Amino acid sequence: MIITATNLYHAYGKKPVLNGVDLNIRRAGITGLCAPNGEGKTTLIKTMAGLQFPTGGSIEVLGQCPSERPLDLLQRLYYLPSEPYFPKWTPRKIAAYYGPFYPNFNNQLFIETLREFRVDIDKTLDKVSFGQKRRAQLAFALATRTQLLLLDEPTTGLDIQGKDQFRRALISGTEAGQTIIIATHLLSEIAPVLDHVLVLNEGKIDAHLAIDVAERFYSFNLTTTALPYGDKGYARRVPGGWLTVHADGRAGDAAFDLETLYLALTDGRLPRPDMKATN
């Protein structure tokens, strides 16, 4: 088991954010962690990294308790926050200083990823744009080759080319056996590479879906009229009409759209496939 959480709670003062999270991630792959703003996706991913201590329940990551911060676990996971601190050094110096903390750090991969991202390895990060700095941070994260990689809003600051390069680098990571969890509200930017999606809503895991299962379970159609009263599906206004989602076995004539499905799931109108069979 890679991550197991049971009845996990966390509160800031009297305000609960995680409210009984149950979660099992058994296999390597790329998982998108999605939630409405303020619903706790950053809190959950920090709890996985051992940077936030739960106020109730339990969580195990790679068979260990992250809040105890054992050295073996810290060497096997890497967490990249949405606004990380990096020294005003060159990427080369950063790799030389921080790389040895991670036994599987691949310096050649770091250099190749920087080259693909078009980042100068010998230019200090205080002399580059925010987008270039973000690419350097992602290149380091990917080069750690940790068993578990936790990324919070990683595409912030990336242009279209950078997002495409990032997606291709993620695929390379999973081919090497990594488990990658991406907390994001920009689901459409990572949808093409996801194996699973986690929907966190009202402090709990509302859905944990394997993408291939979801593609078979839900049907999408483009219609020119809104859904009739009492219809148990979900409709989203799009150019040309409404994109609808149903889970009643009907045929679909439109492509699977993960962002629309996410909206439908958080709206609460659609059933879920058996979560135990999809994760």
Side-chain angles (χ1 to χ4, degrees), residues 3-25 30-61 66-67 77-85 130-131 134 137-138 141 148-158 163 166 170 179-191 193-194 196-209 211 214 234-237 245 257-272 275 279:
I3 297 175
T4 301
T6 304
N7 204 27
L8 190 67
Y9 281 81
H10 187 79
Y12 295 104
K14 295 182 179 180
K15 181 183 178 182
V17 178
L18 303 180
N19 194 22
V21 168
D22 292 310
L23 171 64
N24 289 294
I25 296 179
I30 305 174
T31 296
L33 172 60
C34 311
N37 287 337
E39 288 290 333
K41 59 182 181 294
T42 294
T43 299
L44 180 56
I45 206 169
K46 281 186 173 182
T47 303
M48 294 175 184
L51 297 173
Q52 199 80 58
F53 298 171
T55 53
S58 64
I59 183 169
E60 282 193 358
V61 175
S67 61
L77 71 80
Y78 186 83
Y79 167 60
L80 182 68
S82 58
E83 297 181 1
Y85 167 77
F130 176 80
R134 191 59 169 165
Q137 294 161 352
L138 287 169
L148 177 60
L149 184 58
L150 305 171
L151 306 174
D152 194 357
E153 302 292 357
T155 58
T156 301
L158 297 184
K163 291 169 185 175
F166 171 63
L170 288 177
T179 298
I180 302 172
I181 299 178
I182 304 173
T184 184
H185 67 281
L186 300 174
L187 189 55
S188 61
E189 296 185 347
I190 60 168
V193 299
L194 291 182
H196 290 80
V197 63
L198 281 167
V199 178
L200 181 66
N201 196 21
E202 297 182 352
K204 297 183 178 183
I205 300 297
D206 192 37
H208 185 180
L209 306 177
I211 299 300
Y234 175 86
R236 179 187 186 188
R237 196 73 165 90
V245 190
D257 186 275
L258 187 55
E259 191 170 88
T260 300
L261 177 58
Y262 164 75
L263 293 171
L265 291 171
T266 53
D267 186 72
R269 300 186 191 182
L270 293 182
R272 281 72 164 148
M275 288 197 291
N279 58 22

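Start at 1 with the first residue, then count along the sequence. Remember, predicted model here, so these are calculated numbers, not experimental data.
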Under the criterion side-chain contact (heavy atoms from CB on, under 4.5 Å), I'd like the reasoning laid out for R134 against L80: C-alpha separation, chi angles, the key distance, then a yes or no. CA-CA 10 Å; R134 191 59 169 165; L80 182 68; 3.9 Å; yes
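- Atom CD1 of I181 is separated from atom CD1 of I3 by 3.5 Å, given to the nearest 0.5 angstrom.
- Listed here is the closest heavy atom pair of T47 and P54: CG2-CD, 4.1 Å.
- Rounded to the nearest 0.5 angstrom, N24 CG and E60 CD are separated by 10.5 Å.
- The heavy-atom pair separating H208 from L198 by the smallest distance is CG-CD2, 3.4 Å.
- Using a 4.5 Å heavy-atom threshold, the side chains of I182 and T155 count as separate.
- In this structure, L187 and L194 have side chains that are in contact, with non-hydrogen atoms separated by less than 4.5 Å.
- Here the side chains of H185 and E39 are not in contact, with every heavy-atom distance at 4.5 Å or above.
- If you run side-chain contact (heavy atoms from CB on, under 4.5 Å) between V61 and each of L77, T179, T4, L150, only L77 comes through.
- Residue K41 forms a side-chain contact (heavy atoms from CB on, under 4.5 Å) with just one option from T43, N37, I45, and that option is N37.
- When all heavy atoms of G40 and L200 are compared, the closest pair comes out as C-CD2, 3.5 Å.
- Rounding to the nearest 0.5 Å gives a distance of 5.0 Å between CD1 of I30 and CD1 of I180.
- Side chains of P36 and N201 form a contact here, defined as non-hydrogen atoms less than 4.5 Å apart.
- When all heavy atoms of R236 and L263 are compared, the pair lying nearest together is NE-CD1, 3.6 Å.
- Using a 4.5 Å heavy-atom threshold, the side chains of L261 and V197 count as separate.
- Atom NZ of K163 has more than 12 heavy atoms from other residues, nucleotides or ligands within 6.0 Å.
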Working for salt bridge (charged side-chain N to carboxylate O under 4.0 Å, His left out), residues K46 and D152: CA-CA 9 Å; K46 281 186 173 182; D152 194 357; over 6 Å; no
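- Residues A183 and P154 share a closest heavy-atom pair of O-CD, 4.0 Å.
- Contact annotation: the side chain of L8 approaches that of L44 to within less than 4.5 Å [non-hydrogen atoms, C-beta and beyond].
- Between the side chain of N7 and the backbone N or O of G20, no donor-acceptor pair lies under 3.5 Å.
- Closest heavy-atom contact between Y262 and A35: OH-C, 3.1 Å.
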With side-chain contact (heavy atoms from CB on, under 4.5 Å) as the criterion, how do M48 and I59 come out once you've worked through the C-alpha distance, each side chain's angles and the decisive distance to 0.1 Å? CA-CA 7 Å; M48 294 175 184; I59 183 169; 4.0 Å; yes
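- For the pair E189 and L158, the minimum side-chain heavy-atom distance is 4.5 Å or more.
- Between L209 and L265 there is a side-chain heavy-atom pair separated by less than 4.5 Å.
- With rounding to the nearest 0.5 angstrom, the OH atom of Y79 is 9.5 Å from the CG atom of L151.
- In this structure, the separation between OG1 on T55 and NE2 on H10 is 6.0 Å, given to the nearest 0.5 Å.
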